[in-house]
Amino acid sequence: MSIQITFPDGRRKTYDTPPTGLAIAQSISPSLAKKAVVVKVDGELWDLTRPIERSASIEIVTRDAPEALQVIRHDAAHVLAQAVQELYPGTQITFGPATEDGFYYDFARAEPFTQADLEKIEQRMREIVARDLPIKREIWSHEEAVKFFERCGETFKAEWIREGLKPDEPLSIYRQGDQWLDLCLGPHLPSTGRLGTAFKLTKVSGAYWRGDASKAQLQRIYGLAFATEDALKAHLKMLEEAEKRDHRRLGRQLDLFHMQEEAPGMVFWHPKGWTLWQAVEQYVRRVYRASGYQEVRAPLIADVSLWKKSGHWDNYKENMFFTESEKRIYAVKPMNCPGHVQIYNAGLHSYRDLPIRYAEFGSCHRNEPSGALHGLMRVRAFTQDDGHIFCMPQQIESEVTAFHRQAMKVYADFGFTEVAVKLALRPDQRLGTDEVWDRSEEALRAALRSAGVAWTELPGEGAFYGPKIEYHLKDSIGRSWQLGTMQVDFSMPERLGAEYVDEHSQRQVPVMLHRAIVGSMERFIGILIEHYAGALPLWLAPVQVVVAPIVSDADAYASEVTQALCAAGLRAQADLRNEKINYKVREHSLLKVPALAVVGRKEAETRTVTLRRLGVEKQETLALAAAVERLAAEAAAP
RNA sequence: GCCGGCGUAGCUCAGUCGGUAGAGCAACGCAUUCGUAAUGCGUGGGUCGGGGGUUCGAAUCCCUCCGCCGGCACCA
């Protein structure tokens, strides 16, 4: 028997007996063996202790390699599980994967874990690391594994093996020390000591068994884990910084909006916040016009009969608000599409008129589950930059690609470049035949293909009336939110009786495209605030310039400067309070005002202003007219 | 909706063992006119999220409702 191992540099070595990754590393250098985490065998990550029984190319993965992190994190989850079972006998193990910054493990236990428990558990984890228990991989048969876990009272594990895994496939079991083991795909570190100390348990929460709300609720423990202490520290620092960018905190600090108990999930916009809103709205309105949309406005409530016809009653009523008057029941609109179809239906349309594009800053109410609400990101009352395109099937692709280009331009104008594109496919609860869904999904794929973008697909996540392209952006703490969307809908136009007359004088049903770029104004503004940490670019800033006199002798001139700035279309304010300039600079800096125009006696005499930009200590003194001109030019919307 | 945590002045927060609520900032008043991130002194401000209970007495203990926060589920 001869096994040929190829190294990354192309060198080869022949072995008589199957070597392990650890042995190979050891033969290269003891320090490499010490740093080794796993071994990559023909591109696949293997345990260092697993014999390599065939010729292969290998690469030793050390703890500083990016692939090492997921192994370290996954190991941390297992060490957590062992610690919990040692401390709390009777607790069942379920699943515990690595996450983006650490790991979690779900346990079945009647008593929830407390913060004090977390400290004890983390302490025990450190002990398990110190014990440096060997981690060994074993292969068990399906039947053997089910029996074993049932005998131990691990009913969740046993259920998973019975229902989630194929009976004829052998299973890998990882034994950690003599006592503890878990079913796992691996790979793992050779021993618990290699996990290191750069981990920290962070939070507990509930989680449903197999992600299903109708099944048992488990106790999830989350942790962070990194290769080094420094990396962990850096991550904690990052989280602290992210908290300062939180739009809920900044919304209060910058006096943009508030929410209160009487209107959960609904926003009270303050003057400054509404100014920001208007800046965004006016920008989007220009986009509407430039891309051939006609702006419309539909009622906020309509008789339920309309929502029964549209399919919302059957598919969406859990999320709708209702109201009643004179024995009629009305629904508060959760979407704008049926309203736009009514406007479309008010006239007769020729195929020559298509595509017809309607747009609306559509105010929608959705009765979202209370636990889903989250600042401006997830609300119950929101306004969409909604639009519906009525077109013929052969026009779908060009409409979708044009929309895509427009959307990417809008995101770039607001400073966003990292937009994730996803394609959400047919959900279980839906309208229309499979054949129609095939067509709709393929139409969107074709458009994305021709736009030349990369996308990921999300099976089961489409709207009940059609598949959708989703545009996602991340908030300050890395949560991803859907902003824009483009959806193909072959169902609703027919249900609501939309028609056009084709070239043969025959009535046809148009296709409807649902689209939004910023998505919800609320969510978009939340993302904007976090993206800029409150320091909005000049064109969006609620207050663009504050004119601050140094002495009251300059008050009159300061008012004149303010008027000149306002006359040039700038949002300018004078700060005539009897405060020192230091105080004013500090306060307006904290309020993230992008430009400060300081005027003292000197400026008043020479009719100049001294400009100071947010966060920049260097100042520049220039003639009043020149300053106005410069700021006005800079404040122009893209 | 589910699990857990939290709710005290406009904001950020303290409040011990159940003994009748406090700080800083902000606000207001007075003084100060000052050149780039906090001028000084003084004053007012609270149904301790709502309701109920235990107790001689509740911010504090118990029940319940509401909201918020973290996660899960949901998310056109």
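Each chain gets a letter, A, B and so on, in the order the sequences are listed, and its residues count up from 1.
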Please name all residues satisfying salt bridge (Lys or Arg N to Asp or Glu O under 4.0 Å) with [X], sequence neighbours left out, ordered by chain then number.
X	answer
K215(A)	D212(A)
K200(A)	none
R430(A)	D434(A)
R586(A)	none

* To do: Applying side-chain hydrogen bond (donor to acceptor under 3.5 Å, both in side chains) between K468(A) and each of Q482(A), E441(A), H514(A), report the one that passes.
  => Q482(A)
* State whether E457(A) and R445(A) are salt-bridged, where the test is any N-O pair (Lys NZ or Arg NE/NH1/NH2 against Asp/Glu carboxylate O) under 4.0 Å. =>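 The answer is yes: the pair qualifies as a salt bridge.
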* Asked: Got a salt bridge between R210(A) and E159(A), using NZ or NE/NH1/NH2 to carboxylate O under 4.0 Å?
  ->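 The answer is yes: the pair qualifies as a salt bridge.
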* Toward the 5' end of RNA chain B, which comes first, Q260(A) or E470(A), by nearest nucleotide? ->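 Between the two, 5'-proximity favours Q260(A).
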* Structure fact -> Taking for G375(A) and for R577(A) the nucleotide of RNA chain B with the nearest heavy atom, the one nearer the 5' end belongs to R577(A)
Which residues pass the side chain to side chain contact (heavy atoms under 4.5 Å, CB included) test with [X], sequence neighbours left out?
X	result
A447(A)	E397(A), V400(A), T401(A)
A263(A)	M266(A), F268(A)
A626(A)	L622(A), A623(A)

* **Side-chain donor-acceptor contact under 3.5 Å, Q92(A) with T155(A)** => yes
Gap between atoms [atom1] and [atom2], on [X] and [N] respectively (whole Å):
X	N	atom1	atom2	answer
Y104(A)	G70(B)	OH	C1'	15 Å
L373(A)	G71(B)	CG	C1'	15 Å
E461(A)	A73(B)	CD	C1'	13 Å
D117(A)	C3(B)	CG	C1'	14 Å
H374(A)	C75(B)	NE2	P	18 Å
I581(A)	C34(B)	CD1	P	13 Å
D428(A)	C74(B)	CG	C1'	14 Å
D575(A)	A37(B)	CG	C1'	14 Å

* **N/O donor-acceptor pair, side chain Q219(A) with base G71(B), under 3.5 angstrom** =>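 Flag unset: no donor-acceptor pair detected.
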* Asked: Looking at G71(B), does its base get a donor-acceptor pair with the side chain of Y208(A) below 3.5 Å?
  ->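 No.
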* Asked: According to a strict under-4.0 Å criterion, is R601(A) in side-chain N/O contact with OP1 or OP2 of C34(B)?
  -> yes
For [N] versus [M], give the span between their [atom1] atoms, rounded off to a whole number of Å.
N	M	atom1	answer
C48(B)	C13(B)	C1'	14 Å
G22(B)	G46(B)	P	12 Å
U47(B)	U43(B)	C1'	24 Å
C63(B)	A27(B)	P	42 Å
U20(B)	A59(B)	P	10 Å
C74(B)	G18(B)	P	44 Å
G19(B)	C28(B)	C1'	34 Å
G49(B)	A9(B)	P	8 Å

Out of [options], whichever nucleotide has its closest atom nearest the side chain of [X]:
X	options	result
T610(A)	A73(B), U39(B), U36(B)	U36(B)
R248(A)	G70(B), G1(B), C34(B)	G70(B)
K203(A)	C34(B), C68(B), G70(B)	G70(B)
K602(A)	G35(B), G71(B), G4(B)	G35(B)
E579(A)	C72(B), U39(B), U33(B)	U39(B)
Y222(A)	G70(B), G35(B), G71(B)	G71(B)

* Side chain to side chain, K333(A) and H365(A), heavy atoms closer than 4.5 Å -> no
* Asked: With side chains defined as the heavy atoms from C-beta onward, is the minimum distance between Q342(A) and L306(A) less than 4.5 Å?
  -> yes
Select base, sugar-phosphate, or nothing to describe what [X] touches, counting heavy atoms under 4.0 Å on all strands.
X	answer
G211(A)	sugar-phosphate
I550(A)	base
Q619(A)	base
P112(A)	sugar-phosphate
R220(A)	sugar-phosphate

Look for any protein N or O under 3.5 Å of an N or O in nucleotides 8-16 of chain B and output each such pair with its distance, or none.
residue : atom : partner : partner atom : Å
U12(B)  : OP1  : R252(A) : NH1          : 2.8

* Close residues, residues 376-385 of chain A, relative to RNA chain B [heavy-atom separation under 4.0 Å] -> R378(A), F382(A), Q384(A)
* Looking at residues 582-598 of chain A, who's got a heavy atom less than 4.0 Å off RNA chain B? -> N582(A), Y583(A), V585(A), R586(A), S589(A), L590(A), V598(A)
* **Heavy-atom closest contact (E368(A) atom, R378(A) atom, distance)** =>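 Closest approach of E368(A) to R378(A), heavy atoms only: OE1-NH2, 2.8 Å.
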* Reading RNA chain B 5' to 3', what string of ( ), [ ], | and . shows its pairs, if Watson-Crick and G-U wobble pairs count only when both distances fall under 3.5 Å? -> (((((((..((((.....[..)))).(((((.......))))).....(((((..]....))))))))))))....
Pair up each side-chain donor or acceptor in residues 546-556 of chain A with any protein partner under 3.5 Å, not counting sequence neighbours, and list the distances.
residue : atom : partner : partner atom : Å
D553(A) : OD2  : R601(A) : NE           : 3.2
D553(A) : OD2  : R601(A) : NH2          : 3.1

* Asked: Do the rings of Y358(A) and F390(A) sit parallel, tilted or perpendicular, given the 30° and 60° boundaries?
  -> perpendicular
* Asked: So, does R612(A) use its side chain to make a donor-acceptor pair with the main chain of A595(A) at under 3.5 Å?
  -> no
